[in-house]
Number of protein chains: 2
Amino acid sequence: MMDEGRPRYLRIAEDLRHQILEGTLPPGERVPSESELIHRYGVAQGTVRKAMTELRTRGLVETFHGRGTFVRSRPPVRRKSSDRFRRSHRKAGKAAYLAESEQAGVEPSVHVLYVGPVEVPADVAHKLGTTSGNRVLARRSLYFSDRAPMETATSYIPWDIAEETPELFEDNPGPGGIYARLEDHGRVLEEFLEEVSARLATKEESSELALSAGAPVIELVRSAYGVDGRVLEVCATVMAADRFVLEYRIPASG
Amino acid sequence: MMDEGRPRYLRIAEDLRHQILEGTLPPGERVPSESELIHRYGVAQGTVRKAMTELRTRGLVETFHGRGTFVRSRPPVRRKSSDRFRRSHRKAGKAAYLAESEQAGVEPSVHVLYVGPVEVPADVAHKLGTTSGNRVLARRSLYFSDRAPMETATSYIPWDIAEETPELFEDNPGPGGIYARLEDHGRVLEEFLEEVSARLATKEESSELALSAGAPVIELVRSAYGVDGRVLEVCATVMAADRFVLEYRIPASG
DNA sequence: TAGTGGTCTAGACCACCGG
DNA sequence: CGGTGGTCTAGACCACTAA
């Protein structure tokens, strides 16, 4: 094996990576065990483990203690386009998530984790224009596509607005989702502000979304503005970074 | 030292993490060297290194070969708002990056890495509507704020469009940036499509952007559409995830 | 129980940085 | 040059999983 000056563990990782990309190691397949790789490449265990760590942080493999390391089957990327909040979708009785899923050809499901009052966190309070610690309505859900967890979303609604909209306290707020209910009660929406950032998943998020440790997530915080300029809702979404691409259209005029 | 059943490297990492958060190890300070930690905790080098890797992937420290490991000082987050391409900014002679920087109160600088022909990569070719491998003009730059690397951007322009716009071959395309030059030559812009995704940084990106290994990046691919519907430019930007928040406004109508 | 990955050691050598 | 981090070995023991 030529040395090329590069560390052996990187060369081993590269080798396995090519086998994965070329299909020699197809998705779901078990990667050769540490002991086999030790013999194959003639290196110590630590070197093989570093190579595996490399592949793991690149999201190519997933390892299970006592079972082995497996090639990850990349689920098709979901595209979240910025037209998913078009009023025409709401009028047609579709909530944003269901409309997206239909377009993607997957079977959506939603697991409502919590609906009820909470003390508003400081960052959300700032966006809602209320005081930190005030009571707001929170709706926390986990969204699935074909039974695989895709994203978590937590929605915060000022208490006075929630009170005039009793459907928001139901697990299922009805056709068109919560934005449709807000507009039913005269809270006409003017625009949304989405703030996108990325970071590594916390332990909690890793388990909720079935991610491997150290996997990145996209965090999207959306503020819904009414025609009066008031923020009617703040929704924080956490998505596995390797499962989403967000799309935004921006007009050149102005 | 109580064992508590947890791996020693995690306990060491935890210990150092607390010192960092409590200020015993302030930002910029050098973390004790490996050999010192080996003596202090009575462990082997590999164990200390695993602890350091832990802190590095969490973004708490940054290490330099031959110099040492240092506590990271978090730079303030930059906000990228979707109005940065307003035509009025271009008319005022400002390129997007300079307009942003002025608003953020930092001193911008740009290092042009390459300007010239390249064979277009497959994914970009698809967006440009050309064939993979065709010749296009590429402009690759590294952007700084207050001398700290913030993002890399690679711009791809179809060759026929580049030819009618000689300024695009210059390092500095002039006031208003390349979009202003395109419009000077009658290529009026209609809209932009931004596709946002996140992933872990490659080794190359880590060194260009001075990131620690395993740090997440935001990748933003922007396609600029002309009034004729043709894609006039594709620009791929890679940003350190912990330094940016992207903002998008979406009208509720439609 | 046999095989897998996870942790750890003691020691070696190399590559890089600064005085 | 001495000190720093980076790579690697050979071997040990542990923890988990499946048959």
Side-chain angles (χ1 to χ4, degrees), chain A residues 1-16 25 28-72 203 206-207 212-214, chain B residues 1-16 25 28-72 203-204 206-207 210-215:
Chain A
M1 208 198 299
M2 294 294 128
D3 205 16
E4 301 178 16
R6 300 175 57 205
R8 292 166 100 110
Y9 77 93
L10 281 182
R11 304 202 53 242
I12 294 171
E14 189 70 12
D15 196 5
L16 293 171
L25 285 173
E29 186 86 351
R30 230 204 60 202
V31 174
S33 72
E34 288 184 356
S35 46
E36 184 174 341
L37 293 173
I38 287 168
H39 288 109
R40 182 182 299 181
Y41 292 101
V43 296
Q45 189 203 18
T47 307
V48 166
R49 302 204 88 246
K50 270 198 105 173
M52 286 313 205
T53 302
E54 198 65 19
L55 295 178
R56 218 177 303 129
T57 63
R58 295 201 190 294
L60 289 173
V61 301
E62 196 169 4
T63 111
F64 303 91
H65 193 169
R67 280 208 290 145
T69 298
F70 299 81
V71 178
R72 280 183 65 170
K203 276 213 152 47
S206 292
S207 81
S212 43
Chain B
M1 208 198 299
M2 296 293 128
D3 205 15
E4 300 179 17
R6 299 174 58 205
R8 291 165 100 108
Y9 77 93
L10 281 182
R11 303 201 53 243
I12 294 171
E14 189 70 10
D15 195 7
L16 293 171
L25 285 173
E29 186 86 352
R30 229 202 62 202
V31 174
S33 72
E34 288 183 358
S35 45
E36 185 173 341
L37 293 174
I38 287 168
H39 288 109
R40 181 183 298 182
Y41 292 102
V43 296
Q45 188 202 20
T47 307
V48 166
R49 303 205 88 244
K50 269 198 106 173
M52 286 312 206
T53 301
E54 199 64 20
L55 295 177
R56 219 177 300 128
T57 62
R58 295 198 192 294
L60 288 173
V61 301
E62 196 169 7
T63 114
F64 303 91
H65 194 171
R67 279 207 291 142
T69 298
F70 300 81
V71 179
R72 280 184 66 170
K203 275 217 149 48
E204 203 177 359
S206 292
S207 82
L211 304 177
S212 44

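Labels below follow one simple rule: chain letters A, B, ... track the order of the sequence lines, proteins then strands, and each chain is numbered from 1.
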### Summary
Those residues at least two apart in sequence (or on a different chain) that pass side chain to side chain contact (heavy atoms under 4.5 Å, CB included) with Ile38(B) are Gln45(B), Val48(B)
### Message
Looking at Ser33(A), I'd like to know whether one of its side-chain N or O atoms comes within less than 4.0 Å of OP1 or OP2 on dG3(C).
### Response
no
### Message
Rounded to whole Å, how long is the line connecting atom NE2 of His39(B) with atom C1' of dG3(D)?
### Response
14 Å
### Query
Rounded to the Å, how far apart are Leu10(B) CG and dC8(C) C1'?
13 Å
### Non-neighbouring partners of Glu36(A) that pass salt bridge (Lys or Arg N to Asp or Glu O under 4.0 Å), sequence neighbours left out
Arg40(A)
### Query
Taking atom C1' of dG5(D) as reference, at what distance in whole Å does atom CG of Leu37(B) sit?
12 Å
### Query
For Ser35(A) and dG3(C), is the shortest distance between a side-chain N/O and OP1 or OP2 below 4.0 Å?
no
### Nucleotide dT4(D), atom P - distance to CD of Glu62(B) in whole Å
19 Å
### Message
Suppose the criterion is ring-ring contact (aromatic ring centres under 6.0 Å, His included): which pairs have a residue in residues 49-69 of chain B, not counting sequence neighbours?
### Response
Phe64(B)-Phe70(B)
### Task
Measure from the side chain of Val43(B), starting at C-beta and using heavy atoms only, and say which of dT7(D), dT9(C), dG5(C) lies closest.
dT9(C)
### Worked verdict on Tyr41(A) versus Thr47(A) for side-chain contact (heavy atoms from CB on, under 4.5 Å)
CA-CA 10 Å; Tyr41(A) 292 101; Thr47(A) 307; over 6 Å; no
### Summary
Picking from dG5(D), dT9(D), dT9(C), the nucleotide nearest the side-chain atoms of Ala44(B) would be dT9(C)
### Message
In this structure, how many angstroms lie between the C1' atom of dC17(C) and the CZ atom of Arg30(B), rounded?
### Response
12 Å
### Task
Using the test side chain to side chain contact (heavy atoms under 4.5 Å, CB included), find all partners of Ser206(A) that sit at least two apart in sequence or belong to another chain.
Ala201(A), Leu211(A)
### Summary
Glu34(B) atom CD is separated from dG11(C) atom C1', nearest whole Å, by 14 Å
### Message
Among dT7(D), dT7(C), dG5(C), which nucleotide has an atom closest to any side-chain atom of Lys50(B)?
### Response
dT7(C)
### Query
Looking at OG1 of Thr69(A) and CG of Leu60(A), how far apart are the two atoms once the value is rounded to the nearest 0.5 Å?
12.5 Å
### Summary
Taken to the nearest whole Å, CD1/Ile38(A) to C1'/dA12(D) is 13 Å
### Query
Sequence neighbours excluded, which residues qualify as side chain to side chain contact (heavy atoms under 4.5 Å, CB included) partners of Leu10(A)?
Arg6(A), Pro7(A), Glu54(A), Lys203(B)
Could you list the protein-to-nucleotides 13-16 of chain D atom pairs, N/O on both sides, closer than 3.5 Å?
{"from": "dA15(D)", "atom 1": "N3", "to": "His65(A)", "atom 2": "NE2", "distance (Å)": "3.0"}

### Query
So does Tyr9(B) get a side-chain nitrogen or oxygen closer than 4.0 Å to the phosphate oxygens (OP1/OP2) of dC8(C)?
no
### Message
Taking only side-chain N and O atoms of Thr47(B), does any of them lie within less than 4.0 angstrom of OP1 or OP2 on dT7(C)?
### Response
no
#### Entry: Atom-pair distance (CD1 on Ile12(B); P on dT9(C)), nearest Å
8 Å
### Residue met sooner reading DNA chain D from 5', once Gly46(B) and Thr69(B) are mapped to nucleotides
Thr69(B)
